[in-house]
Amino acid sequence: MSRDDSAVPSGRPTILVVDDLPENIHGLLEALKDDYSILVATDGPKAVELAQGPTPPDLVLLDVKMPGMDGYEVCRRLKNSPKTCNIPILFVTIVDASGEKIRGFLLGAADFITKPFDIDEVRARVKTHLELGRLRRVLEGRVERLNEYKHAADVSNIVSRTDPAGVITYVNDAFVDTYGYAREELIGKTHHVIGDPSTPPGLIREMWSTILSGATWRGTYSNLSKSGEEVYVNNTIVPILNADGSIREFISTSVNVTYLIKQEELIRQQTTDALTGLPNRVKLMQDLGKASSRAMLGMINIDQFKAINDFYGLCNGDKVLLEIGDRLQKMAAGRASAYRIGGDLFALFSDNQGDAGGFESSIASIVNQLESVAVDCGDDKINIRVTAGICFGRDNAYTHAALALERARIERRDYLVYTDQMEIKSHYKDNIRWSQKIRNALNDGRIVPFFQPIVDNRSGKVCKHEALMRMIDEDGDVIAPTFLRAAKLSRQYAALTKAIFEQAVAVLAECAGEVTINLTVEDILDSNTVAFIDQKLAQPGIGPRVVLEITETEGIENYEEVRLFVDRMKGYGCKFAIDDFGSGYSNFVHLLRLKIDYLKIDGSIIMNIIDDPDSEAIAQVIVDAARRLGMRTVAEYVGSADIQIKAKQLGIDFSQGYYLGKPLPKPLSVGDAG
């Protein structure tokens, strides 16, 4: 089925449905045709053509798996085009793996709908994203008008004015101080005088194309000072128009983000495991992201490694890890790259177009060799056993190799190669079991918050608590939230969030200080959950005592939605924290605009600040940057007195961890010694 663009009636939002299966298209058409104008494409090239036609759609429902040009390539092309980059794209897919979703969000997708889809869910998500798009356009229009006056008067930033040809007519003191030129060296010249030759020509062309059309341009790039030093700026250029619509001049305002950009680069460069010297998980994920379809991944785990640490001591445990890392590197030389991806888990990755059978044989041989020779730890000779999981192919390789490893351990096999049946059996069985457990726990009131104290490092006293989700099992065991994936698949996740939020807010009447409550992007995008949070925070005295904590990797990936949510909730007086900061893409420029109150430094950094100079350096960088941005820092996973002493020396404002206090059913009295 097809429809000519010119036949689309005006006045109703237009939705482009892209799917190579007629039955899927028919189902979506029946669900949406009464409320929206529909365009249809049955392949990727046609979808791009329609979207970039004379009347672009307001929203795209895009199938992921299509022959030829798949949905990811369609998304990439639309997001790279100025004409279509702001159109919301909702992937409709049978795949429900987090890696696939991350890939889609990195390309700019707004949401995922899993097949077989629920018609009411499709309608709700379409309506929500159309409304968000409308609100975004309204807000952008207002901001554009306000910025024409605000930026011109904001002399605290780096400000310049040019005529329509780009010749500088004015610079403020901050401009002179930043770049080291006298005014007479700048007035009458163009910005080429401070231009960095390494700036991509395409960025300059895009900037001029945008501002000459009368639109505001924003971007981050580098200039050069008179002494030749790089100066990174977050720049906004606003065209000022005459009454007839012609351009009178351009006003440029910039924020100097050199320090923050360089610290981001330092954090991203930490791709080496401090103990073994092998590439770490960050590097593996980068390599997998660039891999070909013939990639091969083996994940190798040391069985019962905790017992080795407990019996032989941590020092000998480290010697085992060093020896295994060295052996893997030597045995895989020329065939694969070795990684230590955390704890007792290693990986071998190959993308050299080798033979799958040969790779499997290599893993089997390596497993045998690792087990056949004891690790020499001086007085002790430690025999180890290992288990491996293997995956062939690039898509979702990390998850699939981990699943194969898990199945191999359950079946007591040396190794297993991933098959689709593993995922189906494992996920379906676990999901059904956990779905029922969650439902019963919600009905019985056994989804509860446990409160972990947070200590003020200046006073040494407990000043606030974090509410952590726990399930009390039917036999009384306390279960950490390992069941969240099943909750999301069974559509019970929102109920979990509401249960914890309501109980955490209720506790405020019984204790002093703030309570931190965790939220995910699913919460922020769920209009019912947001309405529930609105209702709770609107109660007298509640908002200013609540800190809403968002995981960093999720928050950054969905920046616009998070920004709108933060602005809305700050109206109630509540504060915001970014969790796990430093574990992923730590974008300080975004945090500048979000106005976050607390940065919680990732536990993998804090746990290593005593023995790993790189972790200590990263923690110091985050503390310094946060202080410059007016934020306060929290150290997570403080597990010993030495770590707490180091956290104080680094200037971290608050600490939490088992050394300072375990999560408990009731909060401690604020002011107790930590």
Side-chain angles (χ1 to χ4, degrees), residues 45 48-49 51-56 69 72-87 89 106-108 136-137 140-141 143-145 147-148 151-152 157-171 175 178-179 181 186-226 228-242 244-258 261 264-265 559-560 587 589-590 593:
V48 175
E49 176 187 346
Q52 296 181 342
T55 55
M69 184 189 299
Y72 292 123
E73 179 61 17
V74 173
C75 182
R76 186 188 69 78
R77 295 192 183 191
L78 295 184
K79 290 302 178 181
N80 285 342
S81 170
K83 186 174 183 180
T84 56
C85 63
N86 289 324
I87 298 175
I89 295 176
L106 288 173
L107 289 170
R136 176 183 56 77
R137 291 190 294 273
E140 286 178 348
V143 170
E144 293 287 339
R145 291 192 296 273
N147 278 346
E148 292 179 0
H151 289 174
N157 290 329
I158 304 167
V159 179
S160 66
R161 296 205 307 260
T162 71
D163 64 18
V167 176
I168 298 172
T169 59
Y170 166 82
V171 294
F175 195 108
T178 299
Y179 294 110
Y181 288 95
L186 298 166
I187 304 300
K189 307 287 181 60
T190 69
H191 279 81
H192 287 302
V193 70
I194 59 170
D196 185 343
S198 65
T199 301
L203 183 145
I204 303 299
R205 288 195 297 269
E206 177 207 343
M207 178 192 72
W208 276 107
S209 174
T210 301
I211 62 177
L212 288 175
S213 72
T216 298
W217 182 87
R218 297 180 180 86
T220 300
Y221 57 92
S222 64
N223 287 321
L224 295 180
S225 69
K226 188 174 183 178
E229 295 181 2
E230 284 185 325
V231 178
Y232 286 90
V233 293
N234 188 5
N235 189 24
T236 300
I237 303 176
V238 180
I240 304 300
L241 306 180
N242 295 307
D244 62 0
S246 62
I247 295 173
R248 182 169 74 247
E249 65 177 345
F250 299 111
I251 296 180
S252 168
T253 58
S254 301
V255 176
N256 187 344
V257 294
T258 304
I261 292 292
E264 287 181 22
E265 292 173 356
Y559 169 71
E560 283 303 321
N587 193 316
V589 175
H590 280 163
R593 298 172 63 194

Heavy-atom nearest pair, V233 first then Y179, reads CG1-OH, 3.6 Å

Distance col, row F250:CZ vs W217:CH2, nearest 0.5 angstrom, shows 13.0 Å

Check against side-chain contact (heavy atoms from CB on, under 4.5 Å), I194 and L224: CA-CA 5 Å; I194 59 170; L224 295 180; 5.9 Å; no

Note: P197 and G195 closest approach over all heavy atoms is CD-O, 3.6 Å

Are any side-chain N or O atoms of T169 and backbone N or O atoms of D163, one a donor and one an acceptor, separated by less than 3.5 Å? no

Interatomic distance, OG1@T210 vs CZ@R205, rounded to 0.5 Å, equals 12.5 Å

Those residues at least two apart in sequence (or on a different chain) that pass side-chain contact (heavy atoms from CB on, under 4.5 Å) with S252 are S160, N235, I237, S254

Across all chains, not counting sequence neighbours, the salt bridge (charged side-chain N to carboxylate O under 4.0 Å, His left out) partners of K83 are none

By side chain to side chain donor-acceptor pair (under 3.5 Å), R136 pairs with (sequence neighbours left out) E140

Y181 meets the ring pair (Phe, Tyr, Trp, His ring centres under 6.0 Å) criterion, sequence neighbours left out, with none

Those residues at least two apart in sequence (or on a different chain) that pass side chain to side chain donor-acceptor pair (under 3.5 Å) with T178 are none

Do the non-hydrogen side-chain atoms of Y170 and V159 ever get within less than 4.5 Å of each other?
yes

Between C85 and P82, the two heavy atoms sitting closest are SG-O, 3.7 Å

Across all chains, not counting sequence neighbours, the side-chain contact (heavy atoms from CB on, under 4.5 Å) partners of T258 are V231, Y232, N256, K262

* Asked: Any side-chain heavy atom of I247 sitting closer than 4.5 Å to one from I240?
  -> no

Hits for side-chain contact (heavy atoms from CB on, under 4.5 Å) against L107, two or more places apart or cross-chain, chain-then-number order -> Y72, C75, R76

Sequence neighbours excluded, the answer for side-chain contact (heavy atoms from CB on, under 4.5 Å) partners of T84 is A51, Q52, L78, S81, I87

When you compare the side chain of T162 with that of T190, does any pair of heavy atoms fall below 4.5 Å?
no

For S246, the side chain to side chain donor-acceptor pair (under 3.5 Å) test, sequence neighbours excluded, returns N242, D244

Those residues at least two apart in sequence (or on a different chain) that pass side chain to side chain donor-acceptor pair (under 3.5 Å) with D196 are S198, S222

